[in-house]
Amino acid sequence: MVRIINTYGSLLLTAMGQTLLLALWGLFFACILGMIFGLMSVLKNRVCRVIAQIFVDVIRGVPMIVLAYFIYFGVPYGLNNLLHFSVTLSALQAGTICLALNCGAYMAEIIRAGIQSVDKGQMEAARSLGLPYWRAMQRVILPQAIRTMIPSIINQFIITLKDTSILSVIGFPELVNTAKNVVANTFMSFQTWIIVGVMYLFVITILSRVAKILERRLNRGNAQI
Amino acid sequence: MAMRKSDGNVKIHISHLQKDFGKSKVLKDITLDVYEGEVVVVIGPSGSGKSTMLRCINRLEDITGGEVVVDGIKITDRHVDINKVRERVGMVFQHFNLFGNMNVMRNLTLAPVDLKKASKEEARKKAMQILEKVGMDKKAESYPSQLSGGQKQRVAIARALCMEPDIMLFDEPTSALDPEMVGEVLQVMKQLAADGMTMVIVTHEIGFAREVADRVVFIDGGYIVEEGTPEQVFQHPREARTIDFLNKVL
């Protein structure tokens, strides 16, 4: 164990950095996608709602590993052969897209549920005062929705961080992929996977703690409600 | 009809208003004019469409057919900026609908400040005056969840008043209140009526209607069945359905 840490420690730490990098990019775009599709799914407009629903259903219905293969190998191949349009995606780009789509779909559902959990009368009251829809959304609905969303969002962040490991299949040098190489070199799979497990555990525990503090602070601000 | 305010300007003009929810026709043919400074009380059995009619006046419900003109603006016209009309039509809801994420003061100043009708200081000053009027100035920093039902409703009325509306709509404002809190809300509404506000009130408070209403409108089955002064409608109802309803509620 000590030998692995001495020899491969910095390599594994770098890989952890790559994992976090991938997760952050993925989460960043997932938040944007989630917000767009989440808001679309509560609009009056049927077309918007149907588009949002299709997005969520498709992404939820496909395993992420399939999505990863499709985006990394399938899409460039397809564009190249069928449309004679040459594209190459780096593993980081493909991984980010994959995470963003996957996590974005779940975020959209979280955001939709959060908005719908706010009493309809809140929107009506805001509109009755003359506030336009989006203004009412921003001032009245979203601030209340966000409190119910926070625990689910944090949960989704953690799941997404762990899901980066799936992207080892497209050769992105994140933690699992790197660990596989370490195992291949040392044959010490027991020790290596324990180290990797502890590394994930460590990062996610910190994330959970920070989230708990954040959540408590947010709720303290609204303790009266 | 001999109304004491009927010579004034028409503030709300509703003609042949229809409203469907899917297949069910809630409002079939409603025609009603409300004059400036008039207090119109709308009564009727539950499901008769009285709340729906009220919500059509500021287009909280999409209008299926007919015409609604508020303050000279035809709101059934698709191109009308409904937000501008709503700024001048206050609404009070059965369930108060105070913004839970804001204290009382923010509840009152949000719309005036956001819609640039007043600076923050002006809005706060005005809000404080109105809160005093409804007896809630001590609770300016409280959150809605810390208030009783009656207090919430008085704040809700104050919130609507902060936009300086010409018309106030009340959708069963006392129906969700404990009996001992009804009085304080009705008191505020009486004061408002005395100040000359044009009001349309959906309510079950017959005693209040008798005291404050210039006109009582009885709606049933999506039609106005009968209308007149409180005396005409309550003492000498002509229609069988009105008599039937009044027997049940009085």
Side-chain angles (χ1 to χ4, degrees), chain A residues 35 38-40 42-50 110-154 214-225, chain B residues 51 54-55 57-62 81-104 106-117 139 141-147 152 155-157 159-165 167-171 176:
Chain A
M35 203 70 195
L39 286 171
M40 272 169 75
V42 296
L43 286 180
K44 244 185 182 177
N45 187 313
R46 237 189 97 101
V47 179
C48 288
R49 288 207 317 267
V50 168
I110 292 168
I111 288 167
R112 181 192 57 76
I115 290 171
Q116 286 176 345
S117 77
V118 178
D119 185 74
K120 252 178 57 194
Q122 295 284 309
M123 179 56 101
E124 288 183 350
R127 297 305 310 275
S128 80
L129 289 164
L131 289 174
Y133 179 85
W134 289 110
R135 193 71 72 82
M137 198 54 130
Q138 177 198 345
R139 293 272 194 255
V140 177
I141 309 301
L142 289 179
Q144 296 185 66
I146 229 127
R147 283 187 310 126
T148 57
M149 290 180 209
I150 288 278
S152 314
I153 289 178
I154 289 162
L214 190 83
E215 196 182 326
R216 214 172 298 147
R217 187 159 303 171
L218 258 168
N219 277 332
R220 199 187 300 148
N222 296 306
Q224 299 90 338
I225 296 168
Chain B
S51 284
L54 197 72
R55 292 159 59 84
I57 297 174
N58 63 356
R59 230 170 76 187
L60 275 187
E61 300 291 350
D62 288 323
D81 181 2
I82 192 66
N83 293 326
K84 281 274 169 272
V85 178
R86 283 173 178 161
E87 287 179 15
R88 298 181 358 226
V89 181
M91 188 164 204
V92 175
F93 300 85
Q94 181 177 357
H95 296 289
F96 330 121
N97 298 347
L98 293 178
F99 306 135
N101 55 326
M102 302 171 191
N103 66 17
V104 167
R106 278 278 287 150
N107 261 277
L108 266 63
T109 55
L110 173 75
V113 173
D114 246 44
L115 298 170
K116 301 206 164 43
K117 297 205 57 146
K139 299 282 187 183
E141 303 304 320
S142 301
Y143 277 80
S145 60
Q146 300 168 308
L147 305 177
K152 281 182 197 169
V155 170
I157 294 171
R159 176 176 66 182
L161 290 176
C162 276
M163 290 299 288
E164 304 185 317
I167 299 166
M168 285 284 284
L169 309 175
F170 294 82
D171 189 2

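Here the structure is a predicted model, which means the values were calculated and not measured.
Contacts of A:A126 with chain B are made by both backbone and side-chain atoms, with heavy-atom separations under 4.5 Å. Looking at B:F93, the atoms closer than 4.5 Å to chain A (heavy atoms on both sides) all sit in the side chain, from C-beta outward. For B:L169, no part lies near chain A; criterion is any non-hydrogen pair under 4.5 Å. Looking at B:R55, the atoms closer than 4.5 Å to chain A (heavy atoms on both sides) all sit in the side chain, from C-beta outward. Heavy atoms of A:R139 lying under 4.5 Å from chain B belong to its backbone as well as its side chain. Contacts of B:D62 with chain A are made by side-chain atoms alone, with heavy-atom separations under 4.5 Å and no backbone atom involved.
Between atom CD of residue A:Q122 and atom CZ of residue B:F96 there is a gap of 12.5 Å, rounded to the nearest 0.5 Å. Atom CZ in B:F99 sits 8.0 Å away from atom CD1 in A:I141 (nearest 0.5 Å). Considering CZ of B:R59 and CZ of A:R127, their distance stands at 9.5 Å, rounded to 0.5 Å.
Heavy-atom minimum distance, B:M102 versus A:V140: CE-CG2, 4.1 Å. Here the closest heavy-atom approach between residue A:Q144 and residue B:N101 is recorded as NE2-OD1, 3.4 Å. The minimum heavy-atom distance linking A:A125 with B:R159 is given by the pair CB-NH2, 3.4 Å. Taking every heavy atom of both residues into account, A:P132 and B:L115 meet most closely at CD-CD2, 4.0 Å.
Here the side chains of B:M91 and A:L129 are not in contact, with every heavy-atom distance at 4.5 Å or above.
Not counting sequence neighbours, B:N58 has no partner by the side-chain hydrogen bond (donor to acceptor under 3.5 Å, both in side chains) test.
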